[in-house]
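All remarks here apply to the structure that follows.
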Amino acid sequence: MDNLFDVAIIGAGPGGYVAAIRCAQLGLKTVCIDDWKNEQGKPSLGGTCLNVGCIPSKALLESSENFERAGHKFAEHGIKVDGLSIDVPAMIARKDKIVKAFTGGIGMLFKKNKVTALYGRGSLQKRGEGEDGWEIRVNADGAEQSVHARHVIIATGSTPRVLKVAPVDGSNVLDNAGALALQQTPGKLAIIGAGVIGLELGSVWRRLGAEVTLLEAQADFLPAADEQVAKEAYKALTRETGLVIHTGVEIGSTQVNAEGVSIGYVDRDKNAQSLQVDKLIVAVGRVPNTTGLGAEAAGLKLDERGYISVDEFCQTNLPDVYAIGDVVRGPMLAHKASEEGVAVAERIAAARQGAPDSAAHVDLGMMPWVIYTAPEIAWVGKTEQALKAEGVAYKAGQFPFMANGRARALGETTGFVKILADAESDRILGVHMVGPYVSEMIAEAVVAMEFSASSEDLARIVHAHPSLSESLHEAALGVDKRAIHI
């Protein structure tokens with residue numbers, strides 16, 4: 001049968017398309033089913049990440065940061081810019097061009113690796129006793145077909161969390177997709193949510209001239225990050241970037257009016273406040289996307305929050321059915337989804353070849369986090385507050401970018417690198433950074449932790465001079481109180 005596959009993958013985001021390619025590389029006949037449509041109504045592979053998430057947001061962040069540098073930082077380099085202006089439609093067009101290149105590139109990779117791409121919404125059907133494999137029914141704008149596969153990987157991702165008090169209308173009240181497509185800079189912009197998405201989108205439009213206010217329900221700013229990093233980031237984002245950030249806020253109402261959107265809220269001191277803005281972005285997190293998947297009919301187990309229940313190897317309660325990425329436990333990160341896709345593909349291939357189970361799995365404790373603001377924020381492993389709560393004895397080493405030669409040359413001296421190591425074994429337990437290009441620096445910390453390195457190991461490694469990574473080296477030296485340049 002032409003529609004019988006070794007593996008069927010539902011979803012072509014960074015988890016699904018990577019899993020599909022790896023399955024094909026391992027000799028498995030693979031189909032990837034996806035229902036994403038772009039603004040032109042055409043299929044567009046890549047999921048949220050490539051279409052309206054990671055890639056387009058980074059394109060706009062880069063454009064807006066270039067504008068910020070030209071307007072506020074070039075002068076100290078002796079570079080004069082007269083008549084500076086921003087062409088927002090051109091900036092958006094550049095972003096769209098990048099998105100088109102990458103989504104089209106996935107299609108080319110599918111052809112290269114002989115992955116069958118199938119457009120439509122895939123739903124898992126109940127498997128009868130004695131049946132070998134699974135049926136996936138694919139609905140494409142009302143037209144149905146079925147494919148059969150011995151193994152299934154669910155990678156349907158997540159969708160923006162809905163805030164009932166602030167319904168998205170796509171015009172005045174926007175989700176992340178709408179915020180990436182604005183054709184002009186709003187005069188006043190509010191964002192409900194000061195997490196990763198809110199901070200990045202707020203940074204884009206603040207640099208381009210908008211007055212940006214972020215309203216965050218949680219009492220603390222970036223509670224998932226190390227407290228010291230969060231405090232440094234808050235200071236930089238409010239004083240240098242100019243974001244206004246209110247935490248401990250409770251949104252009471254939103255009302256679209258002739259001037260834009262009126263927001264009523266209660267601040268952290270329990271005082272009633274109101275805010276009138278031109279545009280409102282809702283960025284209060286994301287929820288797993290299991291809509292239309294057929295979970296109940298197929299007997300697929302979900303947890304109380306709507307995530308698909310899986311074990312450490314991403315195996316669901318159903319035989320030969322796996323789930324990866326945002327739709328399962330763990331952080332909603334594109335690179336986490338991709339690595340889970342690779343691990344599951346390798347486990348399936350090992351099983352198909354009659355080999356012992358592959359040991360491939362993803363250690364969520366070694367997952368790097370990055371927020372692409374200016375300064376950037378990145379971390380991996382345990383935070384200082386977590387180690388204190390767990391009663392773990394630790395040592396800390398820290399080094400500021402102010403004392404780093406490359407950072408001085410760049411004119412980007414805000415922030416620091418901090419390393420936390422076990423007090424007895426010296427094994428690195430966490431690395432936390434806020435500063436220039438730490439999104440690139442965090443990888444060295446992940447490698448070190450994956451190989452159970454000690455802070456002494458990092459301290460003994462030669463780092464090029466002058467480089468930003470010397471700050472990591474000095475922080476490692478600082479764990480043993482022997483940093484050289486501070």
Side-chain angles (χ1 to χ4, degrees), residues 13-15 47-62 64-65 95 157-163 174-180 189-207 212-227 229-238 241 243-247 249 280-289 325-326 329-338 364 367-381 383 415 432-435 437-443 446:
T48 295
C49 178
L50 269 67
N51 284 281
V52 294
C54 316
I55 300 304
S57 65
K58 303 312 165 286
L60 294 189
L61 280 161
E62 185 64 23
S64 64
E65 191 159 353
K95 177 263 297 182
S158 60
T159 57
R161 187 183 300 277
V162 174
L163 192 61
L174 311 169
D175 57 14
N176 62 293
L180 292 167
L189 172 68
I191 302 174
I192 301 177
V196 176
I197 296 172
L199 290 173
E200 292 185 354
L201 291 175
S203 295
V204 168
W205 295 109
R206 176 67 194 97
R207 293 168 187 160
V212 179
T213 302
L214 293 102
L215 304 172
E216 171 58 50
Q218 297 194 81
D220 297 320
F221 178 67
L222 289 181
D226 183 87
E227 285 180 355
V229 165
K231 288 179 180 178
E232 180 76 3
Y234 180 88
K235 182 173 66 176
L237 292 171
T238 53
T241 304
L243 297 175
V244 176
I245 303 173
H246 297 303
T247 58
V249 166
L280 171 63
I281 298 171
V282 179
V284 290
R286 302 179 66 82
V287 295
N289 182 21
D326 287 4
R329 79 286 179 268
M332 289 184 170
L333 299 170
H335 44 279
K336 176 253 196 186
S338 295
L364 299 181
M367 196 61 57
W369 291 70
V370 179
I371 305 176
Y372 295 86
T373 48
E376 293 184 343
I377 306 161
W379 71 89
V380 62
T383 63
H432 307 273
M433 308 175 179
V434 54
Y437 302 107
V438 296
S439 58
E440 302 297 330
M441 289 174 58
I442 197 64
V446 178

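Bear in mind that the values here come from a model prediction, so they are computed numbers and not experimental data. Along the sequence shown, the residues carry numbers beginning at 1.
- Using a 4.5 Å cut-off on side-chain heavy atoms (C-beta onward), L61 and R207 make contact.
- More than 12 heavy atoms of other residues, nucleotides or ligands sit less than 6.0 Å from atom NZ of K58.
- Nearest heavy-atom pair, L214 versus A194, reported as atom, atom and distance to 0.1 Å: CD2-CA, 3.9 Å.
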Notebook entry, point to check: Run the side-chain contact (heavy atoms from CB on, under 4.5 Å) check on M433 and E376 step by step: do they pass?
Noted result: CA-CA 8 Å; M433 308 175 179; E376 293 184 343; over 6 Å; no
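- Atom CD in E227 sits 12.0 Å away from atom CG in L222 (nearest 0.5 Å).
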Ignoring hydrogens and angles, write down the donor-acceptor pairs under 3.5 Å from the side chains of residues 368-375, residues two or more places apart or on other chains.
residue : atom : partner : partner atom : Å
T373    : OG1  : P375    : O            : 2.7

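- Y437 pairs by the ring-ring contact (aromatic ring centres under 6.0 Å, His included) definition with nothing, not counting sequence neighbours.
- Considering CD of E232 and CG of D226, their distance stands at 11.5 Å, rounded to 0.5 Å.
- Inter-residue side-chain proximity for P160 and V282 is flagged as unmet; no heavy-atom pair is nearer than 4.5 Å.
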Note to self: Please evaluate residues D175 and V52 with respect to the criterion side-chain contact (heavy atoms from CB on, under 4.5 Å), reporting the C-alpha separation (whole Å), side-chain torsions for both, the decisive distance (0.1 Å), and the verdict.
What the structure shows: CA-CA 10 Å; D175 57 14; V52 294; over 6 Å; no
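- Nearest heavy atoms, G202 versus V212: O-CG2, 3.8 Å.
- For the pair L201 and L180, the minimum side-chain heavy-atom distance is below 4.5 Å.
- S158 pairs by the side chain to side chain donor-acceptor pair (under 3.5 Å) definition with R286, D326, not counting sequence neighbours.
- Nearest heavy atom pair, residue P56 against residue K95, reads CB-CD, 3.4 Å.
- In this structure, L333 and M367 approach most closely via the heavy-atom pair CD1-CG, 3.6 Å.
- Rounded to the nearest 0.5 Å, atoms CD1 (I442) and CD1 (I377) are 12.0 Å apart.
- For the atom pair L280 CG and L189 CG, the distance stands at 8.0 Å (nearest 0.5 Å).
- Atoms CG and CZ, from L199 and F221 in turn, are 4.5 Å apart once rounded to the nearest 0.5 Å.
- Here CG of L174 is found 10.0 Å from CD1 of I191. Values are rounded to the nearest 0.5 Å.
- Listed here is the closest heavy atom pair of T383 and A225: CG2-C, 3.9 Å.
- Across all non-hydrogen atoms, the minimal contact from P223 to Q218 is CG-OE1, 3.4 Å.
- Judged purely by atom type and a 3.5 angstrom limit, T247 uses its side chain to pair as donor or acceptor with the backbone of A219.
- The main-chain N or O of C54 is found under 3.5 Å from a side-chain atom of S57 such that the two form a donor-acceptor pair.
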